[in-house]
Amino acid sequence: MSRATSKRMLRAAALALAALVLTACAGLPTSGGVAVGLELGESSQDVDFLPVASGPITGAGPEEIVEGFLEAGITTSDNWATAREFLAPALQRTWRPAAGVSIDAGTDTRTITSSIPAEQVEDADSAEVQVMLDLVASVDESNAYSDALGASSMPFALQRMEDGEWRITEAPDGTVIDETRFTDVFDGYPLQYFDLGWSRLVSDMRWFPRRQSPATTVTQALIGGAPSEWLDSAVQNAFPVDVQLAQDAVPIVGQVAEVALTRPAVGLDETTLARMRTQLQATLKAAGVAVTRVQFKVDGRNLDAGVVDIVEPSAEIGTLVLQDGAFGRIVGDEITPLPGISAEISAIEQPVVAIEVAADDSRAALQLGDGHAYLVGDGSLVELDSRQGLIEPSLDPYGYTWTVPAGEPGAVKATGADVVSHDVANAWPTASEISDLRVAADGTRVAAVITAGKQRWVVVAAVVRDASGVPVELGDVKQLIRLAEPATGLVWFGPDRLGILVDPSTPRLVTQMVGGPGSAESAPSDAVSAAGGRTGAGVRILGAGGQLFAHAGSAWREVASGVSVLATRAGE
């Protein structure tokens, strides 16, 4: 039987795909289109909607059963009860839907073939079905999202049951969903981990079915869980391994998250308890859960826990430009200078190519017309790196300026204000070129655009530092997205997203989540550089003619002219 025939039969039987239901009333489907998922950061405690699929159709053949089973992956309620209806009783008990998610390009790209010709199905008692997917991404068992381009094959075995209906007896663990509906079914939650100095929190995005309580979901993932493998070398969890949740629920009572812990929590010191509470409160806040504090309990009794001070990201404080020889923050037609920086930059006789300003405005890393990297601050200008072919420098929150030649991606140096350079080991070991590099505001992650094996990728890696904050090496590279065109700019949009300006001929701005899907939009026609912000709405783009553009809804609006350099801010 052909796949087209299979789909027509399913439609004729009125498969209830994309019906809307309240998560609290999953048995009451209504008519309508697929519900739009919540934006990251919105409260997931509000009434939610999920798409629903129907169970097996009486008389369906092997291909229809497999196709229906794959579609049923969009219905996550009751531990994927609908999908289990397509399985034989023995497999219903052993199939593990939470083992991962295969995200493909769309249901129309799937090819389903059976070992039994259509004319022989009536007489057959067993069959094998092969499904070919056009994969775009995957979510693993730890709920981490990864790019996964390419074809993938999924084998199934089926048998005719005693009632004459076909059911699946062998199937891979995990589910399949098309990319257009992935964010209707799954939500991304940024778990928070401490850096190695216990001073900053670092986001680690994970994806969970939207049917689950976000407070319980993220708490379970944090307590007893582990950071993503690529980030593990540079972060740490405040929760000791012997402390676990004592119950599988985190109730919210009067905006207080009541977290029951096992008895080893009683013996923890004040600092550990305070770090645990700080980490979990930040995770709940980042997940959009409306809580004011976390209350730990052991055997029903409250456990006193304070909080620790952490370095918070700086507030977004305007756009920095070099305009008609004056450098500073632009507001309307006025340039407000930065003390100890602006006058020194304005006095430079060479052309200024790039400027990145520290989060506290105390210093700036520059690239001048000679291609060298410089540091300006406290009224002075010093040269940091004179190697040939340097890309634009990037500042980190510890005061180090990162530099690297485009043709030597592994030759990354981090230079402090003392003008002492430190080699950063294990930097992009498979890359042949690098065009952009930006350290995140937490100083624990670094993003780059590299070329490896003739393919251009946006990647991230963890930054491992010694006890004094010196970056000593990078962790393993995590690929985020493959680019078909050259990049002309790389910036951070808050802790979880990157902005990549690509394709000088027909510019586009790609917004890519670190550990999630991305999107793209048109950029101004002559865009040459970009600067980020705490959110994507804060992005600014510079045109070749000196025009400065900002978002105006879905369009771009010119907000200034005569700008020669659009500066970036460290971590943005």
Side-chain angles (χ1 to χ4, degrees), residues 320-322 325 327 338 340-359 361-429 431-439 443 446-451 461 463 465-466 468-474 486-491 528-529 531 542 564-571:
L320 301 169
V321 300
L322 181 62
F327 177 74
L338 305 183
I341 295 178
S342 292
E344 289 67 29
I345 292 177
S346 297
I348 296 173
E349 295 182 358
Q350 287 194 60
V352 179
V353 176
I355 306 171
E356 178 147 302
V357 178
D361 291 345
S362 63
R363 58 197 174 278
L366 312 179
Q367 186 175 39
L368 300 185
D370 58 8
H372 300 177
Y374 296 81
L375 185 69
V376 61
D378 296 325
S380 64
L381 177 69
V382 295
E383 186 176 76
L384 299 181
D385 195 338
S386 60
R387 291 178 293 173
Q388 296 298 306
L390 293 175
I391 65 173
E392 295 180 5
S394 179
L395 273 170
D396 73 19
Y398 294 84
Y400 293 92
T401 300
W402 292 55
T403 54
V404 59
E408 300 178 72
V412 175
K413 290 184 180 293
T415 306
D418 55 4
V419 200
V420 175
S421 294
H422 306 269
D423 293 329
V424 181
N426 194 40
W428 328 118
S432 57
E433 295 181 10
I434 182 169
S435 64
D436 300 86
L437 180 147
R438 284 287 180 269
V439 184
V446 58
V449 179
I450 64 171
T451 300
V463 180
R465 298 177 185 269
D466 66 15
S468 62
V470 176
V472 294
E473 67 174 337
L474 299 187
T488 57
L490 174 68
V491 293
V528 293
S529 66
L542 181 64
S564 55
V565 178
L566 172 60
T568 54
R569 190 176 294 280

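From a predicted model like this one, the values you see are computed outputs, not experimental measurements.
With rounding to the nearest 0.5 Å, the separation of OG in Ser380 from CD1 in Ile341 is 10.5 Å. To the nearest 0.5 angstrom, Leu375 atom CG is 5.0 Å from Thr401 atom OG1. Put simply, NE2 on His372 and CG on Asp385 are 8.5 Å apart, with the number rounded to the nearest 0.5 Å. To the nearest 0.5 Å, the span separating CD1 on Ile355 from CG on Leu320 amounts to 8.5 Å.
Minimum heavy-atom separation, Arg363 to Pro397: NH2-O, 4.5 Å. Nearest heavy-atom pair across Ala373 and Thr403 is CB-CG2, 3.6 Å. The minimum heavy-atom distance between Leu437 and Ile434, with the atom names listed, is CD1-CD1, 4.1 Å. Closest approach of Glu383 and Tyr374 over heavy atoms only: OE2-OH, 3.2 Å. Counting all heavy atoms, side chain and backbone alike, Pro393 lies closest to Glu356 at O-CB, 4.3 Å. Here the closest non-hydrogen pair linking Leu395 and Ala570 is O-CB, 3.7 Å.
Leu381 is listed as a side-chain neighbour of Leu366, based on a closest heavy-atom distance under 4.5 Å. With contacts defined as side-chain heavy-atom distances shorter than 4.5 Å, the pair Val565/Phe327 does not qualify. Proximity of Val404 to Ile391: side-chain heavy atoms (C-beta onward) are separated by under 4.5 Å at one or more points. Looking only at side-chain heavy atoms (C-beta outward), Val412 and Val446 stay at 4.5 Å or farther from each other.
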Thr568 and Val357: CA distance, side-chain angles, deciding distance, side chain to side chain contact (heavy atoms under 4.5 Å, CB included) verdict: CA-CA 6 Å; Thr568 54; Val357 178; over 6 Å; no
Where do Arg387 and Glu408 land on the side chain to side chain contact (heavy atoms under 4.5 Å, CB included) test, with the steps shown first? CA-CA 11 Å; Arg387 291 178 293 173; Glu408 300 178 72; 5.7 Å; no
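When atom types are taken as modelled, the side chain of Arg465 and the backbone of Tyr398 share no donor-acceptor pair closer than 3.5 angstrom. Side chain of Asp466 to main chain of Ser468: a donor-acceptor pair is present (N/O by atom type, distance under 3.5 Å, no hydrogens or angles). A donor-acceptor distance shorter than 3.5 angstrom exists from the side chain of Ser564 to the backbone of Leu322, with no hydrogens or angles considered.
Residues forming a salt bridge (charged side-chain N to carboxylate O under 4.0 Å, His left out) with Asp378 (at least two apart in sequence, or on another chain): none. Residues passing the salt bridge (charged side-chain N to carboxylate O under 4.0 Å, His left out) test with Arg569 are Asp361, sequence neighbours excluded.
Residue pairs meeting the side chain to side chain donor-acceptor pair (under 3.5 Å) criterion with at least one member in residues 342-351, sequence neighbours excluded, are Gln350-Asp370.
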